[in-house]
Amino acid sequence: MKSKKLMLYLRSKIGTGNFYEDIIFKVDSTELKMRMLKWCDNLQKYKGLKINQFKDLLLPLNEIVLPIKINNVFCSKSGRRFDIDFTDNEGKEYYMIQDTLYAYNKVNTYIIGRRNSKLEPLLDREFTFEISEDNIQLIESAVLKLREDGKNDEIAVVFIYNLKEDITQATLKSYVTNRIIKIQYPTIDMEFDKDVLEFLFKINEKHWYYYDVFPILRWISTILEKPICVSITAEVEKEITSEIDVVKGKVQKYTLTEIINEGEVHITKKILSEDLEEFLYTKE
């Protein structure tokens with residue numbers, strides 16, 4: 001289908017029909033509909049993908065209850081991005097961002113977020129979704145901690161979902177101290193990810209975890225199914241300070257840092273092939 005004919009087809013589908021079924025506009029929808037038109041055109045042109053209805057973008061986040069009310073729309077002058085503030089039928093507030101209208105590699109991704117919601121108070125969470133031929137899947141979730149006054153706390157946890165290998169990576173980032181902890185584990189479910197999120201937020205201020213991640217292994221080994229596969233890495237100022245790799249119940253690598261004084265640290269690296277249970281027991 002030639003580009004002009006495709007645009008005419010999309011214009012007729014998006015401008016009329018049931019494309020915006022269950023979507024109530026509380027503001028002028030003209031500019032947003034034009035951006036949606038361009039996005040759908042680029043999806044078809046670059047990826048061979050299509051969006052049948054606007055609400056299809058919302059359904060993968062199954063906490064959203066239709067219909068929704070779009071309360072505010074912002075479209076950048078460059079035409080590259082649009083932001084939407086909306087409320088679902090239960091009064092929960094969300095925002096949606098499409099910032100890749102002209103980015104070939106990411107034109108099929110978008111973000112739905114909520115800030116300080118009653119679902120997760122004092123958190124700003126963004127869900128990144130990827131559109132494919134078969135479905136729309138969650139590929140990333142970023143969670144920023146908020147203070148009591150609603151301001152950012154400079155602490156975030158980012159979950160990246162490797163859909164092909166069924167692996168989740170959770171990364172704790174402290175932007176103030178430039179410290180990172182990464183945990184990679186088999187994908188389980190959102191409830192387990194919430195447990196990981198709460199655990200990482202709790203240990204952020206306990207600085208010794210960044211120099212010896214063993215307590216993290218001990219915690220997660222009580223939850224994961226045996227034999228476990230998990231990788232845990234801590235970094236301080238972009239340097240690896242501690243790490244543990246467990247493959248099929250065998251500890252393969254263990255690194256830790258001992259701080260002797262301000263001018264001296266000892267880094268110990270061990271290459272192993274030790275049963276996890278024995279490793280945990282000998283470290284107690």
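Two residues are said to be in side-chain contact when any heavy atoms from C-beta on lie closer than 4.5 Å; Val27 and Asn71 fail this criterion. No side-chain heavy atom of Leu256 sits under 4.5 Å from any side-chain heavy atom of Phe214. At least one side-chain heavy atom of Leu119 sits less than 4.5 Å from a side-chain heavy atom of Lys92. Under the 4.5 Å side-chain criterion, counting only non-hydrogen atoms from C-beta, Thr257 is not in contact with Val236. Inter-residue side-chain proximity for Thr233 and Ile181 is flagged as unmet; no heavy-atom pair is nearer than 4.5 Å. Looking only at side-chain heavy atoms (C-beta outward), Asp83 and Tyr95 stay at 4.5 Å or farther from each other. Side-chain contact between Pro121 and Asn116 is present, with heavy atoms from C-beta onward closer than 4.5 Å. When side chains are defined from C-beta on, Phe159 does not count as touching Glu140, because their heavy atoms never get closer than 4.5 Å.
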Starting from the C-alpha separation in whole Å, work towards a yes-or-no answer on salt bridge (Lys or Arg N to Asp or Glu O under 4.0 Å) for Glu274 and Lys250. CA-CA 5 Å; Glu274 186 175 345; Lys250 295 277 188 179; over 6 Å; no
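Cation-pi geometry between Arg35 and Phe82 is not satisfied (NZ or CZ under 6.0 Å from the ring centre, within 45° of the ring normal). Tyr20 carries Lys33 over the face of its six-membered ring, with the cationic atom under 6.0 Å from the centre and within 45° of the normal. Remark: Lys145 is positioned above the aromatic ring of Phe201, its terminal NZ or CZ atom under 6.0 angstrom from the ring centre and at most 45 degrees off the axis.
From Thr168, atom OG1 reaches atom CE of Met190 across 9.5 Å, with rounding to the nearest 0.5 Å. One distance of note links CD of Glu235 with NZ of Lys182; it measures 5.0 Å at 0.5 Å rounding. Here the straight-line distance linking atom CD of Glu165 with atom CD of Gln184 works out to 8.0 Å at 0.5 Å rounding. Taking CD1 from Ile139 and CZ from Phe129, the interatomic distance works out to 9.5 Å, rounded to the nearest 0.5 Å. With rounding to the nearest 0.5 angstrom, the CG atom of Asn108 is 5.0 Å from the NZ atom of Lys47. With values rounded to the nearest 0.5 angstrom, Asp166 atom CG is found 13.5 Å from Lys164 atom NZ.
Using a 4.5 Å cut-off between side-chain heavy atoms of Ile, Leu, Val, Met, Phe, Trp and Tyr, with links allowed through other members, Ile155 and Leu146 fall into different hydrophobic clusters.
Using a 3.5 Å distance cut-off with no hydrogens or angles, the side chains of Asp28 and Thr30 do pair a donor with an acceptor. A donor atom on one side chain and an acceptor atom on the other are not found under 3.5 Å apart for Asn105 and Tyr46. A donor-acceptor contact closer than 3.5 angstrom links the side chains of Asn178 and Glu237. A donor and an acceptor atom, one from each side chain of Ser242 and Thr255, are nowhere located under 3.5 Å apart. In this structure, a donor-acceptor pair under 3.5 Å is present between the side chains of Tyr185 and Asp193. Side-chain contact annotation: Tyr210 with Asn204, donor-acceptor N/O pair under 3.5 Å present. Side-chain polar atoms of Glu130 and Tyr161 form no donor-acceptor pair below 3.5 angstrom.
The heavy-atom pair separating Ile244 from Val246 by the smallest distance is CG2-CG2, 3.9 Å.
Relative orientation of the Phe19 and Phe54 rings is perpendicular, given thresholds of 30° and 60° on the angle between their planes.
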